[in-house]
Amino acid sequence: MKRHGILNSHITKVLTDLGHTDYIVIADAGLPIPEGVLRIDLALKPGTPSFKEVLDAVAEDMVIEKCIIASEIEAGNPQIEQNLINKFVDINVERVTHEDFKVLTEKAKAVIRTGEITPYANCILQSGVFFK
């Protein structure tokens, strides 16, 4: 049994299998998940686990070179937006329309669905490398 880090075996496998520039999505409970993309559903009840809890755990275990969010988050969920900006100070946070965001999720290796029930609480994390 693992002693540290993410205990969910599905998330651990996805993170281990990621290559440079691959995408994973941390999603709220309402984001549509494209056909054919692995769904890792952590939602237990409204709000549990939260977007922030899942993002923090994944970010601790993953090399991230870019974060993509919907531009609508600025007006629709400024608290989550500020959390993302504060978390990824040294990482490019790119904004796209929510419609373009949903198209990009089709390229994801996995979507991790949280119990978050606030609008636009979604991000795409692009995998980096730990060496130069």
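- Shown here for Leu55 and Cys123, the closest heavy-atom pair between the two residues is CD1-SG, 3.9 Å.
- For the salt bridge (Lys or Arg N to Asp or Glu O under 4.0 Å) test, no residue two or more places apart in sequence or in another chain qualifies with Glu60.
- Between the side chain of Arg113 and the main chain of Ala29, a donor-acceptor pair closer than 3.5 Å is present.
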As a quick check of understanding, evaluate side chain to side chain contact (heavy atoms under 4.5 Å, CB included) for Ile73 and Leu84, giving each step before the final call.
CA-CA 11 Å; Ile73 196 172; Leu84 285 161; 4.1 Å; yes
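- Nearest heavy atoms, Phe101 versus Ala70: CD1-N, 4.0 Å.
- Between the CG atom of Leu15 and the CG atom of Asp61 there is a distance of 6.0 Å, given to the nearest 0.5 Å.
- Thr48 OG1 to Glu53 CD: the interatomic distance, rounded to the nearest 0.5 Å, is 7.0 Å.
- Between the Ser50 side chain and the Gly47 main chain, no donor and acceptor come within less than 3.5 Å of each other.
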For Leu18 and Val63: C-alpha separation, side-chain torsions, deciding distance, then whether side chain to side chain contact (heavy atoms under 4.5 Å, CB included) applies.
CA-CA 10 Å; Leu18 287 176; Val63 178; over 6 Å; no
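- Residue Phe51 holds its CZ atom at 15.0 Å from CD1 of Ile117, rounded to the nearest 0.5 Å.
- Residues Met62 and Ile24 share a closest heavy-atom pair of SD-CD1, 3.7 Å.
- By the criterion of side-chain heavy atoms lying less than 4.5 angstrom apart, applied directly or through intervening Ile, Leu, Val, Met, Phe, Trp or Tyr residues, Val58 is grouped together with Ile91 in one hydrophobic cluster.
- For NE2 of His98, the number of neighbouring non-hydrogen atoms (other residues, nucleotides, ligands) closer than 6.0 Å is greater than 12.
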Should Thr105 and Ile124 be marked as a side chain to side chain contact (heavy atoms under 4.5 Å, CB included) after you check the CA-CA gap, both sets of side-chain angles, and the distance that decides it?
CA-CA 7 Å; Thr105 65; Ile124 297 171; 4.3 Å; yes
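- When all heavy atoms of Tyr23 and Ile68 are compared, the closest pair comes out as OH-CD1, 3.7 Å.
- Taken together through direct or relayed side-chain contacts under 4.5 Å among Ile, Leu, Val, Met, Phe, Trp and Tyr, Phe88 and Ile26 form part of one hydrophobic cluster.
- Sparse packing is recorded around CD of Glu74, with 12 or fewer heavy atoms of other residues, nucleotides or ligands lying under 6.0 Å away.
- When all heavy atoms of Ile69 and Asn122 are compared, the closest pair comes out as CG2-O, 3.9 Å.
- Heavy atoms only, all atoms of each residue included: Gly128 and Glu65 are closest at CA-OE1, 3.7 Å.
- Linking ILVMFWY side-chain heavy atoms closer than 4.5 Å, directly or via other members, places Val25 and Ile40 in two distinct hydrophobic clusters.
- Counting only distance, with no hydrogens or angles, the side chain of Thr114 and the backbone of Ala27 share a donor-acceptor pair below 3.5 Å.
- Here the straight-line distance linking atom CG of Asn8 with atom NZ of Lys13 works out to 13.0 Å at 0.5 Å rounding.
- Separation of atoms CD (Gln126) and NZ (Lys107) is listed at 10.0 Å; rounding is to 0.5 Å.
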Would Asp17 and Lys109 satisfy side chain to side chain contact (heavy atoms under 4.5 Å, CB included), going step by step from the backbone distance to the final call?
CA-CA 9 Å; Asp17 290 346; Lys109 298 294 182 183; over 6 Å; no
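- Between Arg39 and Val111 there is no side-chain heavy-atom pair separated by less than 4.5 Å.
- With a 6.0 Å radius and a threshold of 12 heavy atoms from other residues, nucleotides or ligands, Lys52 has its NZ atom at or below the threshold.
- With sequence neighbours excluded, the residues forming a side chain to side chain contact (heavy atoms under 4.5 Å, CB included) with Thr118 are Asn77, Ile80, Glu116, Ala121, listed by chain and number.
- Using a 4.5 Å cut-off between side-chain heavy atoms of Ile, Leu, Val, Met, Phe, Trp and Tyr, with links allowed through other members, Val54 and Val93 fall into the same hydrophobic cluster.
- Without hydrogens or angle criteria, Asp28 side chain to Leu31 main chain gives a donor-acceptor distance under 3.5 Å.
- In this structure, Ile33 and Asp41 have side chains that are not in contact, with every pair of non-hydrogen atoms separated by 4.5 Å or more.
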